[in-house]
There are 2 protein chains.
Amino acid sequence: MNRHDPRMSPKIVDVARTAGVSTATVSRALTAPGKVSAKTRAIVMAAVEETGYIVNHAARNLRRQQTGGIVVLVPNLSNPFFSQILSGIASVLSGAAFNVLIADTQQPKGADRQIIQYLHNNRADGLIVLDGGLPEHIFGNGDRQARPPAIFACEWIEGSEKLSVTIDNVAGAAMAIDHLVQLGHSRIGHVMGPPDNVLTIRRQEGTTAALERAHLPVRREWYFEGDFSLPSGVRAAKAWLALRDRPDAVFCSSDAMACGFMSELHRHGVRVPDDVSVVGFDDIEIAEHFIPTLTTIHQPRTTIGETAARMLLARINGGEDPVQSIRLPVDLVVRESTSAPRIA
Amino acid sequence: MNRHDPRMSPKIVDVARTAGVSTATVSRALTAPGKVSAKTRAIVMAAVEETGYIVNHAARNLRRQQTGGIVVLVPNLSNPFFSQILSGIASVLSGAAFNVLIADTQQPKGADRQIIQYLHNNRADGLIVLDGGLPEHIFGNGDRQARPPAIFACEWIEGSEKLSVTIDNVAGAAMAIDHLVQLGHSRIGHVMGPPDNVLTIRRQEGTTAALERAHLPVRREWYFEGDFSLPSGVRAAKAWLALRDRPDAVFCSSDAMACGFMSELHRHGVRVPDDVSVVGFDDIEIAEHFIPTLTTIHQPRTTIGETAARMLLARINGGEDPVQSIRLPVDLVVRESTSAPRIA
DNA sequence: CAATTGAATGTAATCGATTACAAGCAGCAT
DNA sequence: ATGCTGCTTGTAATCGATTACATTCAATTG
């Protein structure tokens, strides 16, 4: 039994022995200091220090019927959009002594079965779901599985009663369109996210509504399919270039697509904003430094993550009552990629 | 006791009862199918199906003296550079039935103490460390703490004996410089990463060595301080602009800095590559779509993550012998941001 | 046919912390 | 002095799965 052997690390009984008290007292001194006299507490703490004791989580969790972990379900981990949100989540959760487990829902490997395992409450005490594309039934509790509380963040499942932290996508899209309208644009296109995605739908609604409000044409061939990714922005640009009758301003449903769009236009000698104005959505870091810098709808990603984490904690600790879904505001950030149309 | 109560989910004894066997047999059927007759196995599996049994990890881990989790120590989670690596790690690890826990080492909250908790082996069965800036002693085993095996990925601690998955930073930097030299540049600058960082040091070594090999000047005022971030690239550009005698080609130690650099130059009417050639490092997704598209050193981030994860698994499962540190190759990707100097 | 072997299964100890319950004890009122 | 209250502390059951050890039983061998 060398020093790497887990069995050699001190147990609660070792602390109890050095402190000359029972294990119950040690446990109480550590987790409910009020239940122990000041003197004993000091003795116990000294013994903890001396032995180098660290609680065994498996044992604690088993006894307490919890897991000490929160699972974050991320659609496509490699998308940097989520890193900022994860950061917000992690900052709150590790402060609260929870482990943050991440799982990629797009992972091909027997995804369904594996995710369902994560949903079971002996794997996590709570879930934060960033993927609105999962089948709703896996969150249901129609069967014998005990499910931990879950919070949606960014995306959500339409009609689900679960709590969520979202932004006002309809308003965000409308702000983008209104900005273009105010600049004098009347021929406005839209690069959409992946079909069926809630964000895509809401932003599209906001776009269409704002166009109609301004009495501008809503033309189907000016709504380009995308999937939020850079390459899909490139594809949208190709589609734009292929049109005979082109919009002179385009609202892209993500900054990544906006960058891909502008990049491809540039390759073909089309200038932004001189020939086309472009608005993005998200305000990712590069937006401020792209050439041209990108006008976009800012969403507070770190705050989204933090808020979702705090909400989940409230749900886990407190009762079910006080917690409410939250919709965070967005704002328009005007930069260089938009200007008045060339021929006013 | 409603259906949300954890106590209502089926235990191994419930399965044993429905199957008409002992708990030992159920356990064996599930984890060591070979030790059980085919017939019993089938019966047990049916019972598992019927009851909807899912193993309780806390109990299993307690008994097996493991945690079922791997901790990834990330410096600054919000840096999208790491998302790709995390993705590689997660794909391998969740396939191997390990939980992936993430911890941000830059988290201000009592960082030291908290990270050390993660290093203890009752929190994780292994570590993947992406931060080379941690004090080495926390990995040491000079004290009574039992430490789980750890693997460095990307960064590492100089002189540490821990295994690592890295790329050839010296060669990468040299490739960047050689490329500029071949284009005919003789006045070459370098935007560095954060001081003391291993990557900064190696890439700087590679840069200096390649310049000397080409008999070109190595000028201290052409080495700009940075920290891998976009804004630091902007700052470097400001420093470049402030020089009277400027390099006409610059190798940036990260793509983010290269983008910030180019962006700021563009704001001041300096054109890339016409006035300055720029090379980056990393080949992040935007590199291919920036304006101009960025010449850079490609590093295989997903592969780095996967490799580190597989190495760690080998270390955990097998003995200590066969596993070796790995250095992955990098390649130069030539794009638009570099060209021959204006006045050859 | 008795003895031996090995595969399949069962019994019960075990992992380490938490906590229900019991007990001890000082202080105080009657 | 007796009994009561309330604060500390201890004893031992408990969480749920794994596995060392014991047992059963059929097959094989001399």
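Numbered from 1 within each chain, the chains take letters A, B, ... in sequence-line order.
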Please report, rounded to the nearest Å, how far the [atom2] atom of [N] is from the [atom1] atom of [X].
{"X": "B/K11", "N": "D/dA17", "atom1": "NZ", "atom2": "P", "result": "6 Å"}
{"X": "A/N61", "N": "C/dT18", "atom1": "CG", "atom2": "P", "result": "10 Å"}
{"X": "B/R64", "N": "D/dT18", "atom1": "CZ", "atom2": "P", "result": "5 Å"}
{"X": "B/Q65", "N": "C/dG16", "atom1": "CD", "atom2": "C1'", "result": "9 Å"}
{"X": "B/I12", "N": "D/dG16", "atom1": "CD1", "atom2": "P", "result": "12 Å"}
{"X": "A/H57", "N": "C/dT18", "atom1": "NE2", "atom2": "C1'", "result": "14 Å"}
{"X": "A/Q66", "N": "C/dT18", "atom1": "CD", "atom2": "P", "result": "10 Å"}
{"X": "B/D14", "N": "D/dG16", "atom1": "CG", "atom2": "C1'", "result": "11 Å"}

(message) Working note: A/M311 + A/I128, criterion side chain to side chain contact (heavy atoms under 4.5 Å, CB included); need CA distance, chi angles, decisive distance, verdict.
(response) CA-CA 10 Å; A/M311 237 160 92; A/I128 295 180; over 6 Å; no

(request) Determine: side-chain N/O of B/Y53 to OP1/OP2 of D/dA17, distance under 4.0 Å, yes or no. (result) yes

(message) The criterion is salt bridge (charged side-chain N to carboxylate O under 4.0 Å, His left out); which residues satisfy it with B/E161, sequence neighbours excluded?
(response) none

(message) Going by salt bridge (charged side-chain N to carboxylate O under 4.0 Å, His left out), name the residues that satisfy it together with B/R310, two or more places apart in sequence or in a different chain.
(response) B/E306

(message) Counting C-beta onward and ignoring hydrogens, is there a side-chain heavy-atom pair between A/L73 and A/L134 closer than 4.5 Å?
(response)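 A/L73 vs A/L134: side chains touch.
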
(message) Can you confirm whether A/V198 sits close enough to A/I157 that some side-chain heavy atom of one is under 4.5 Å from a side-chain heavy atom of the other?
(response) no

(message) Among D/dA17, C/dT18, D/dT18, which nucleotide has an atom closest to any side-chain atom of A/T31?
(response) C/dT18

(message) For a quick test of reading the model, state the closest non-hydrogen atom pair linking B/K162 to B/S325 and the distance between them.
(response) O-OG, 4.2 Å

(message) Based on the rotation axes of five pairs at each end, what angle does the helix from C/dC1-D/dG30 to C/dT30-D/dA1 bend through, to 10°?
(response) 50°

(request) Quick one: list whatever passes side-chain hydrogen bond (donor to acceptor under 3.5 Å, both in side chains) with A/S160, sequence neighbours left out. (result) none

(message) Does A/R63 contact D/dT14 through a side-chain donor or acceptor facing the base, at a distance under 3.5 Å?
(response)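 Checked by distance alone, the answer is yes.
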
Give each protein N/O atom lying under 3.5 Å from an N/O atom of nucleotides 8-11 of chain C, with the pair distance.
| residue | atom | partner | partner atom | Å |
| --- | --- | --- | --- | --- |
| C/dT9 | OP1 | B/S37 | OG | 3.4 |
| C/dT9 | OP1 | B/T40 | OG1 | 2.5 |
| C/dT9 | OP2 | B/S37 | N | 3.1 |
| C/dT9 | OP2 | B/T40 | OG1 | 3.0 |
| C/dG10 | OP2 | B/S22 | N | 2.8 |
| C/dG10 | OP2 | B/S22 | OG | 3.1 |
| C/dG10 | OP2 | B/T25 | OG1 | 2.6 |
| C/dG10 | N7 | B/R28 | NH2 | 2.8 |
| C/dG10 | O6 | B/R28 | NH1 | 3.2 |

(message) For a quick check under 3.5 Å, do A/T67 and A/D125 share a side-chain donor-acceptor pair by atom type?
(response)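 The answer is yes; a qualifying pair exists.
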
(message) Regarding A/D14 and A/R17, does a basic nitrogen lie under 4.0 Å from an acidic carboxylate oxygen?
(response) yes

(message) Does the protein touch nucleotides 22-27 of chain C at the base, only the backbone, or not at all? Give it as B, S and - per nucleotide, heavy atoms under 4.0 Å.
(response) ------

(request) Report the C-alpha separation of A/I151 and A/S164 in whole Å, then their side-chain angles, then the decisive distance to 0.1 Å, and conclude whether the side chain to side chain contact (heavy atoms under 4.5 Å, CB included) test is met. (result) CA-CA 5 Å; A/I151 307 268; A/S164 61; 5.6 Å; no

(request) Output the distance between atom CZ (A/F82) and atom CG (A/N76), rounded to the nearest 0.5 Å. (result)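 Here the rounded value is 7.5 Å.
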
